[in-house]
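Here the structure comes first, spelled out in C-alpha cells, and everything after it is commentary.
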Amino acid sequence: MFTPSWWFPNWNQYGTLKMIVVNKKGTFIDGIKISDVSSSRLSIGPQDDITFRLQTQEPAVNVGGITLFGKEFGNYNQDIRVRVNYSPG
C-alpha cells in the first residue's frame, strides 16, 4: 500500500502490525501468550540496556529472514515504535 515504486516487485510488499508485551504474566504477541517468560524473570533495571532480537531458527518453514517495514513501506505508514514502561517489582 505505501511501498515506493523503486522497491522491486518480487521483494516483500506488505506488512502486519504486531504488538509484543512482556509483563508479570508472561510474553504475549497481539494478546496471545507465547511464553511464560515474565518481566520479573528478565531482571531489567531502570538504567539497563535492552537488546531485542527477531530471528527465524531452523528448522522453521521460512528460514532466511524477516522484513521490518517503517514509514512509507508496507501496509502501515508509521515508523517502528518501541515503548518501555518500567515499574519496579
Note: with side-chain heavy atoms under 4.5 Å as the link, the other cluster members for F73 come out as W6, W7, F8, W11, F69

Ignoring hydrogens and angles, write down the donor-acceptor pairs under 3.5 Å from the side chains of residues 25-36, residues two or more places apart or on other chains.
from: T27; atom 1: OG1; to: V37; atom 2: O; distance (Å): 2.7
from: D30; atom 1: OD1; to: M19; atom 2: N; distance (Å): 2.9
from: D30; atom 1: OD2; to: K18; atom 2: NZ; distance (Å): 2.8
from: K33; atom 1: NZ; to: K25; atom 2: O; distance (Å): 3.1
from: K33; atom 1: NZ; to: D36; atom 2: OD1; distance (Å): 3.0
from: S35; atom 1: OG; to: V37; atom 2: N; distance (Å): 3.0

Near D49 CG, under 6.0 Å, is it more than 12 heavy atoms from other residues, nucleotides or ligands? no

Next on the checklist: According to a hydrophobic-cluster definition based on side-chain heavy atoms being under 4.5 Å apart (Ile, Leu, Val, Met, Phe, Trp, Tyr only), do V22 and I50 belong together?
Outcome noted: yes

Flag, side chain of N77 to backbone of E72, donor-acceptor distance under 3.5 Å:
yes

